[in-house]
> 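A single structure is presented below for examination.
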Amino acid sequence: MNEEQSFFISVLNLIPVGSFLFIQAPSLEVESILNVMKETENEYFKSIELTPENKRLLINEIKLGNFQNYIHLTEIRHNKQLLFQGFDGVEFGIISNRISLPKEFILKYINDNFCSISKDW
């Protein structure tokens with residue numbers, strides 16, 4: 001597993017169940033992911049509710065390398081509040097200042113410029 005895969009999995013593990021992953025990935029063809037995606041009000045995004053089962057599915061597809069490279073932009077929201085934005089295959093991102101980040105996450109991803117912490121949200 002490469003560092004980008006590990007980063008995205010770590011982010012998903014920080015996000016509360018019941019959040020929604022909004023994905024802009026127009027060329028995505030991974031059937032297992034497409035089956036859990038829903039249309040949104042924004043024609044460029046589709047969403048996946050982050051249930052325990054869907055989190056496991058996403059993590060498995062990330063580990064297999066079948067999913068992440070298709071993503072142009074992703075957002076994760078909980079109760080309409082933005083928690084994370086990921087860019088270019090989720091190679092880097094911005095995480096909400098409202099999420100309590102474990103020391104290991106900060107050392108591994110914040111200090112190594114994979115992720116920054118939003119000042120505004």
Side-chain angles (χ1 to χ4, degrees):
M1 182 166 37
N2 65 33
E3 288 185 285
E4 289 84 8
Q5 290 167 306
S6 177
F7 168 60
F8 194 17
I9 290 169
S10 295
V11 168
L12 288 173
N13 284 328
L14 290 174
I15 300 300
V17 169
S19 299
F20 284 85
L21 174 67
F22 294 89
I23 303 169
Q24 187 180 81
S27 61
L28 179 64
E29 296 181 1
V30 180
E31 196 68 31
S32 62
I33 302 261
L34 292 172
N35 287 337
V36 296
M37 294 178 98
K38 306 281 187 219
E39 296 293 326
T40 68
E41 294 175 1
N42 183 328
E43 67 181 280
Y44 299 107
F45 283 96
K46 295 200 177 178
S47 70
I48 299 173
E49 183 176 1
L50 294 177
T51 63
E53 298 81 22
N54 288 346
K55 276 187 165 189
R56 280 192 294 276
L57 170 69
L58 290 167
I59 289 169
N60 186 54
E61 293 296 344
I62 291 166
K63 287 178 180 178
L64 292 172
N66 293 339
F67 168 56
Q68 192 167 344
N69 292 330
Y70 291 102
I71 298 173
H72 295 197
L73 173 65
T74 188
E75 294 182 352
I76 300 175
R77 294 181 179 270
H78 186 74
N79 296 329
K80 298 187 180 183
Q81 180 179 7
L82 185 60
L83 298 180
F84 177 78
Q85 287 182 316
F87 308 94
D88 298 329
V90 196
E91 291 181 9
F92 60 97
I94 304 168
I95 198 158
S96 173
N97 61 27
R98 294 181 176 103
I99 294 179
S100 178
L101 299 174
K103 185 176 182 177
E104 303 81 39
F105 186 92
I106 293 169
L107 292 172
K108 188 169 184 179
Y109 301 115
I110 305 295
N111 291 350
D112 285 345
N113 297 318
F114 271 96
C115 192
S116 61
I117 301 171
S118 173
K119 293 179 182 161
D120 300 322
W121 43 271

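Quick caveat, the model's predicted, so the values are computed rather than measured.
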> Measure across Phe87 and Gly93 and return the closest heavy-atom pair with its distance rounded to 0.1 Å.
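Reported closest heavy-atom pair: CD1-CA, 4.2 Å.
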> Could you state whether Ile48 and Leu73 fall into the same hydrophobic cluster, counting links through intermediate Ile, Leu, Val, Met, Phe, Trp or Tyr residues with side-chain heavy atoms under 4.5 angstrom apart?
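No: no chain of side-chain contacts under 4.5 Å links Ile48 to Leu73.
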> Between Ser10 and Lys108, is any pair of side-chain heavy atoms under 4.5 Å apart?
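Sidechains of Lys108 and Ser10: no contact.
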> If we only count heavy atoms from C-beta on, is the Ile99 to Ile15 side-chain gap below 4.5 Å?
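Ile99 reaches Ile15 side chain to side chain.
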> Does NZ in Lys46 sit with more than 12 non-hydrogen atoms of other residues, nucleotides or ligands closer than 6.0 Å?
no
> If you measure from CD on Glu4 to CG on Asn69, what distance do you get to the nearest 0.5 Å?
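Answer for the CD-CG pair, Glu4 versus Asn69, is 8.5 Å.
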> Answer yes or no: is there a donor N or O on one side and an acceptor on the other, between the side chain of Asn13 and the main chain of Ile9, under 3.5 Å?
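Indeed, once roles are kept as given, a pair shorter than 3.5 Å links the two residues.
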> Quick one: do Leu58 and Val36 satisfy side chain to side chain contact (heavy atoms under 4.5 Å, CB included)? Show the steps, please.
CA-CA 10 Å; Leu58 290 167; Val36 296; 5.9 Å; no
> Any chain of hydrophobic side-chain contacts (each under 4.5 Å) joining Leu14 to Ile117?
yes
> I'd like to know if Leu101 and Leu82 are part of one continuous hydrophobic network [Ile/Leu/Val/Met/Phe/Trp/Tyr, side-chain heavy atoms within less than 4.5 Å].
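Hydrophobic grouping puts Leu82 apart from Leu101.
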> If you take all heavy atoms of Gln5 and Lys63, which pair is closest and at what distance?
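The answer is NE2-O, 3.7 Å.
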> Could you state the interatomic distance from CD1 (Ile110) to SG (Cys115), rounded to the nearest 0.5 Å?
4.0 Å
> Got a second to check how far Thr51's OG1 is from Glu53's CD, nearest 0.5 Å?
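CD of Glu53 is found 4.5 Å from OG1 of Thr51.
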> Of the non-hydrogen atoms in Phe114 and Glu3, which two are nearest, and what is the gap between them?
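In this case the closest contact between Phe114 and Glu3 is CZ-CB, 3.5 Å.
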> Do you reckon Phe92 sits in the same ILVMFWY cluster as Leu21, going by side-chain contacts under 4.5 Å, direct or chained?
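Different clusters.
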> For residues Phe7 and Val90, determine if any side-chain heavy atom of one lies less than 4.5 Å from a side-chain heavy atom of the other.
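Answer yes - side chains close enough.
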> Can you tell me which residue among Ser19, Ser96, Ser47 is in a side-chain contact (heavy atoms from CB on, under 4.5 Å) with Ile76?
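Result: among Ser19, Ser96, Ser47, Ser19 is the only option passing the side-chain contact (heavy atoms from CB on, under 4.5 Å) with Ile76.
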> Whether the Glu61 and Ser32 side chains hold a donor-acceptor pair (N or O, under 3.5 Å, no angle test) is what I'd like checked.
yes
> CD1/Ile94 to CG/Leu83 distance, rounded to the nearest 0.5 angstrom?
13.0 Å
> Scan residues 24-73 for pairs that pass ring-ring contact (aromatic ring centres under 6.0 Å, His included), counting only residues two or more places apart or in two chains.
none
> Given 3.5 Å as the limit, does a donor-acceptor pair link the side chain of Asn35 with the main chain of Glu31, or not?
yes
> Are Val11 and Phe20 linked, directly or through other ILVMFWY residues, by side chains that come within less than 4.5 angstrom of each other?
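Different clusters: Val11 never reaches Phe20 through Ile, Leu, Val, Met, Phe, Trp or Tyr contacts under 4.5 Å.
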> Over all heavy atoms of both residues, which pair between Lys55 and Pro16 is shortest? Give the atoms and the distance, please.
NZ-C, 4.4 Å
> Let me confirm one number: the CD1-CD1 distance from Ile33 to Ile62, rounded to the nearest 0.5 Å.
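Reported value, rounded in 0.5 Å steps: 7.5 Å.
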> With rounding to the nearest 0.5 Å, note down the distance linking CZ in Phe84 to CH2 in Trp121.
8.0 Å
